[in-house]
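Numbers here are sequence positions counted from 1. Side-chain atoms are counted along with the backbone in the values below, which use heavy atoms only and exclude waters and symmetry mates. Start at 1 and go down the list; that is how both ligands and their atoms are numbered.
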Amino acid sequence: MIVTVNTMKQCEQNSGLSNFELMEQVGFKLAIEIMNRHKQHENIVIVCGKGNNAGDGFVLARYLLDSNYHVSVIALYSELTTPESQENMKKLPKKIFVKKNDIFNSIENANVLVDAVFGFGFKFEIPSECKEVFVQYNQSKAVKYSIDINSGAEADTGHIACDALKSHITFALGYKKIIHVLRKDHHLFDECIVIPIDIKECDHSELVEMTQEQFVKEFPRIQEDAYKGQEGIPLIVGGCYGMAGATCLNILGAKASGISYLHVACDEKIYPILATKEITPVFHPFTLDTVGSVLKEVLPKVKCIAFGSGATYLDSKKVILELLLQQSTCPVVLDAEGIRCLQNNLYILKLVRTQVILTPHLKEFADLIGMSLESLKTNKLEIAKEFAKEYHVTLVLKGPHTLVVSSQGEVYINQTGNAGLAKAGSGDFLTGLITGFIAQKRDVFMAVILAVWLHGHAADLALKNHHQRMIQIEDLKQEIEQFYFDQC
Ligand SMILES: NC(=O)C1=CN([C@@H]2O[C@H](COP(=O)(O)OP(=O)(O)OC[C@H]3O[C@@H](n4cnc5c(N)ncnc54)[C@H](OP(=O)(O)O)[C@@H]3O)[C@@H](O)[C@H]2O)[C@@H](O)CC1
Ligand SMILES: Nc1ncnc2c1ncn2[C@@H]1O[C@H](COP(=O)(O)OP(=O)(O)O)[C@@H](O)[C@H]1O
């Protein structure tokens, strides 16, 4: 389970244990983790801050000392902010505290460094009094551990201050927090291990997760007496002269979702290309003059529509977007050019009655909301949530950890996929997959999560037989087919 800091605090409050008891338990369990990995003669230095995270560090130091480990403590603050940390600091012998002018030597000579400076209470930037120590800490070749949250990282927002402390292992206390599942974005730690503590299992988290078992459970089944299109027919609209491939990839993705009937509407200039490449979809070629009537005829037949992949030079793109948003009664997935057409027109989304799903990558999203990419990166989760709520859309913010955010503020942070997906066309395939799953499932948010998870999972499976650089988008469909055959 992944929790926010608030949920974590509630779980701790419901545990029936005091903060003092929890801290004792945490320090003890951390000591076991460290003792399992290190010998008594190794030089262990624990760097402590001022809150409860420091308290965990003090308890850890006590247990290590009791087991005759060689431990010293750097206390960056003399004033501690919680009674639990004050009490636990007092329990330590004075001689293990490193004197101010020995701090740098102590870090330099450490074999093991433990970061107990800031936990989930950290906000904003690293204070000036800690800066030099943090820089030296990160330069050290010692084995490094962080308690709960790497100091300098915000647990909920994913914001990482400059010079935040890195670790080989971060021990997440109780549950993983948001920062722990954004590793590919920040590379603050190599591994995150959850240390179970006796808190009451929380029955609700606003963060949705997906596993292979859940995927298999949610995967749309086909009935014995099924007929073609029974489970929902998608429509793909897009492509343009020069970018027919994007529509081909949409089609490939939609087919990989298991649909049995597919409509494709495209500019008549690219129809011959598509029809030669793909023989199963029903095609609806249009021109600028006929696009309205062609689409109006097919709209009532479909359960989900995708628009925008490869539509950069499509002269009818604005007409199509307007028509889909005004006349469609089923969910509309907007990708690439479909999103770009909304720039400066975002208010339109507030007037739309149907469900809209936007699939931008970070740059497309930054452009859409008129923000710099750098600013977006510092707080993308909160910005994504606010946007999805304000415009009442499902947002699929693509990247190494794709975020799926519902208009109700539910969040899914994808953990599957690898850099082999960072290729032109892989987003087009995903758009097809999303559209196909939505056509087959009532729950749009779940359908999108299934597609995003599967897209990444297929790329992970492809690594067994392909070099990461050589994963082709076409391989994804084969991997998905094999995965269904083996698991679903
Ligand atoms: N029941 C529990 O909760 C349990 C919690 N446990 C442990 O406690 C950790 C959370 O503890 P915590 O809430 O005391 O926060 P922590 O991060 O140690 O320190 C925050 C202090 O730093 C300050 N500060 C923040 N940002 C700053 C900045 N930029 N520059 C300077 N100062 C800054 C902040 O100031 P304030 O925001 O209050 O002004 C406050 O004084 C959690 O991660 C886990 O390790 C376990 O023991 C199990 C039981
Ligand atoms: N490093 C990465 N790790 C995992 N997935 C990635 C990575 N880089 C990109 N992706 C995924 O690849 C896809 C790329 O989509 P997009 O940028 O829209 O490409 P295109 O428009 O060319 O099809 C997205 O689903 C994204 O999440």
Side-chain angles (χ1 to χ4, degrees), residues 5 8-13 15 17-27 29-30 48-60 76-77 79-82 84-85 88 115-130 146-149 151-155 159 161 164 171-174 177 184-185 195 197-199 243 245-246 249-250 253 308-310 335-337 339 359-364 396-403 414-434 451-452 455-456 459-460 468 471 473 476:
V5 172
M8 185 67 200
K9 284 182 180 165
Q10 272 167 25
C11 295
E12 286 168 349
Q13 270 168 17
S15 70
L17 295 174
S18 65
N19 279 357
F20 207 82
E21 288 166 318
L22 282 171
M23 194 176 274
E24 190 67 22
Q25 197 183 111
V26 164
K29 291 193 173 177
L30 288 171
C48 294
K50 54 181 160 182
N52 280 336
N53 198 247
D56 296 342
F58 296 138
V59 179
L60 165 66
L76 292 177
Y77 293 90
E79 301 278 302
L80 302 180
T81 55
T82 69
E84 295 85 358
S85 49
N88 280 306
D115 151 26
V117 185
F118 299 113
F120 59 50
F122 177 81
K123 295 186 281 293
F124 313 126
E125 300 305 322
I126 289 155
S128 53
E129 63 270 22
C130 298
S146 282
I147 302 179
D148 205 19
I149 309 289
S151 295
E154 290 182 7
H159 168 70
F171 295 111
L173 305 179
K177 326 288 177 311
K184 285 193 249 173
D185 285 353
I195 304 287
I197 48 177
D198 289 338
I199 45 178
M243 291 190 181
L249 290 166
N250 282 165
S309 308
D335 184 40
E337 202 57 26
I339 298 169
T359 64
H361 53 63
L362 275 186
K363 179 71 171 70
E364 284 169 335
V396 184
L397 189 52
K398 295 182 293 194
H401 290 292
T402 294
L403 307 178
N414 191 46
Q415 299 296 303
T416 60
N418 59 71
L421 282 176
K423 287 202 167 67
S426 95
D428 304 331
F429 182 87
L430 176 66
T431 296
L433 204 53
I434 290 174
V452 169
H455 183 242
D460 291 342
Q468 201 175 46
I471 297 177
I473 312 303
L476 300 182

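Checked by distance only, ligand 1 and Tyr77 stay at 3.5 Å or farther apart across all their nitrogen or oxygen atoms. At least one N/O-N/O distance between Leu421 and ligand 2 falls below 3.5 Å. Below 3.5 Å of separation, one finds an N or O of Phe120 facing an N or O of ligand 1. The N/O atoms of Phe124, backbone and side chain alike, include none that comes under 3.5 Å of an N/O atom in ligand 1. For ligand 2, the polar-atom distance check against Asp335 finds no nitrogen or oxygen pair separated by under 3.5 Å. Considering backbone and side-chain atoms alike, Thr82 places every N or O at 3.5 Å or more from each N or O of ligand 1. For a threshold of 3.5 Å applied to N or O pairs, the pair formed by Thr402 and ligand 2 contains at least one separation below that value. An N or O contact shorter than 3.5 Å links Gly427 to ligand 2 by distance.
With rounding to the nearest 0.5 angstrom, the CD atom of Gln415 is 7.5 Å from the NZ atom of Lys184. The CG atom of Asp115 sits 11.5 Å away from the CZ atom of Phe171 when rounded to the nearest 0.5 Å. Note that CD1 of Ile195 and CD of Gln25 are 10.5 Å apart. Values are rounded to the nearest 0.5 Å. Here Lys398 contributes atom NZ and Asn414 contributes atom CG; the two are 13.0 Å apart, rounded to the nearest 0.5 Å. To the nearest 0.5 Å, atoms CZ (Phe429) and CG (Leu421) are separated by 9.5 Å. Atom CG of Asp335 sits about 6.0 Å away from atom CG of Asp428, to the nearest 0.5 Å.
Closest approach of Ile147 to Ala116, counting heavy atoms only: CD1-CB, 3.8 Å. Scanning both residues, Ser309 and Ala246, for their nearest heavy atoms gives C-CB, 3.8 Å. Nearest heavy atoms, Tyr77 versus Cys130: OH-SG, 3.4 Å. When all heavy atoms are compared, the tightest approach of Ile473 to Ser426 is CD1-CB, 3.3 Å. Shown here for Glu364 and Thr359, the closest heavy-atom pair between the two residues is OE1-O, 4.1 Å. Across Ala153 and Ala164, no two heavy atoms sit closer than the pair N-CB, 4.4 Å.
Asn418 places a side-chain N or O within 3.5 Å of a backbone atom of Ala459 that can act as its donor or acceptor partner. Here the side chain of Asp460 pairs a donor or acceptor atom with the backbone of Gly417 at under 3.5 angstrom. A distance-only check finds no donor-acceptor pair linking the side chain of Ser85 to the backbone of Gly55 [under 3.5 Å]. No donor-acceptor pair under 3.5 Å is formed between the side chain of Asp185 and the backbone N or O of Pro400. In this structure a side-chain-to-backbone donor-acceptor pair under 3.5 Å is present from Glu154 to Phe124.
Ser18 and Glu21 share a donor-acceptor pair across their side chains, judged by distance under 3.5 Å alone.
For atom 33 (C) of ligand 1, the nearest non-hydrogen atom of the protein is Phe118 CE2, 3.7 Å. Closest protein heavy atom to atom 18 (O) of ligand 2: Lys398 NZ, 2.6 Å. Atom 22 (O) of ligand 2 has as its closest protein heavy atom Gly425 N, 2.8 Å. Summary of contacts: the protein heavy atom closest to atom 19 (O) of ligand 1 is Gly51 CA, 3.7 Å. The protein atom (non-hydrogen) at minimum distance from atom 3 (O) of ligand 1 is Glu12 OE1, 2.9 Å. The shortest contact between atom 23 (C) of ligand 1 and any protein heavy atom is with Lys50 CE, 3.6 Å. The single protein non-hydrogen atom nearest to atom 25 (C) of ligand 1 is Gly121 O, 3.2 Å, given as residue, atom name and distance. Scanning the protein heavy atoms around atom 17 (O) of ligand 2, the nearest turns out to be His361 CD2, 3.3 Å. Looking only at heavy atoms of the protein, atom 9 (C) of ligand 2 is closest to Ala422 CA, 3.7 Å. Nearest protein heavy-atom contact of atom 25 (O) of ligand 2 is His455 CE1, 3.3 Å.
Taking a cut-off of under 4.0 Å to the non-hydrogen atoms of Asp148, the atoms of ligand 1 that pass are 42 (C), 43 (O), 44 (C), 45 (O). Taking every non-hydrogen atom of Gly119 and a distance limit under 4.0 Å, the qualifying atoms of ligand 1 come out as 16 (P), 17 (O), 18 (O), 43 (O). Atoms of ligand 1 lying under 4.0 Å from any heavy atom of Asn19, numbered from 1 in the order shown and given with element: 1 (N), 2 (C). Atoms of ligand 1 lying under 4.0 Å from any heavy atom of Pro127, numbered from 1 in the order shown and given with element: 30 (N), 31 (C). Within the listing of ligand 2, atoms 4 (C) sit less than 4.0 angstrom from a heavy atom of Gly417. Interface of Leu430 with ligand 2, defined as ligand atoms under 4.0 Å from a residue heavy atom, comprises 25 (O).
Contacts with ligand 1 closer than 4.0 Å are made by heavy atoms of both the backbone and the side chain of Lys123. Contacts between Thr81 and ligand 1 below 4.0 angstrom, taking non-hydrogen atoms only, involve the side chain exclusively. Of the heavy atoms in Asp428, both backbone and side-chain atoms come closer than 4.0 Å to ligand 2. Only the backbone of Asn418 comes within contact range of ligand 2, with a heavy atom under 4.0 Å; no side-chain atom does. Residue contacts with ligand 1, taken as heavy atom pairs separated by less than 4.0 Å, involve Leu173 solely via side-chain atoms from C-beta onward. Of the heavy atoms in Asn52, both backbone and side-chain atoms come closer than 4.0 Å to ligand 1.
Assignment of Gly399 to the shell around ligand 2 is supported, since a heavy atom sits closer than 4.0 Å. Judged by the shortest distance from any of its heavy atoms, Lys9 lies outside the 4.0 Å radius around the atoms of ligand 1. Contact annotation: Gly456 has no heavy atom less than 4.0 Å from any atom of ligand 2. At least one heavy atom of Asp56 sits less than 4.0 Å from an atom of ligand 1.
At a threshold of 4.5 Å between non-hydrogen side-chain atoms, the residues Asn19 and Thr82 do not count as touching.
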Verdict with supporting geometry, Lys29 and Leu173, side-chain contact (heavy atoms from CB on, under 4.5 Å):
CA-CA 10 Å; Lys29 291 193 173 177; Leu173 305 179; over 6 Å; no
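With distances taken over non-hydrogen atoms, the option nearest atom 14 (C) of ligand 2 out of Ser426, Ala419, Gly245 is Ser426.
Remark: Lys423 NZ is packed, more than 12 non-hydrogen atoms of other residues, nucleotides or ligands lying under 6.0 Å away.
For atom 37 (O) of ligand 1, the nearest protein heavy atom lies under 4.0 Å away. Within a 4.0 Å radius of atom 1 (N) of ligand 1, the protein has at least one heavy atom. The presence of a protein heavy atom under 4.0 Å from atom 8 (O) of ligand 1 is confirmed.
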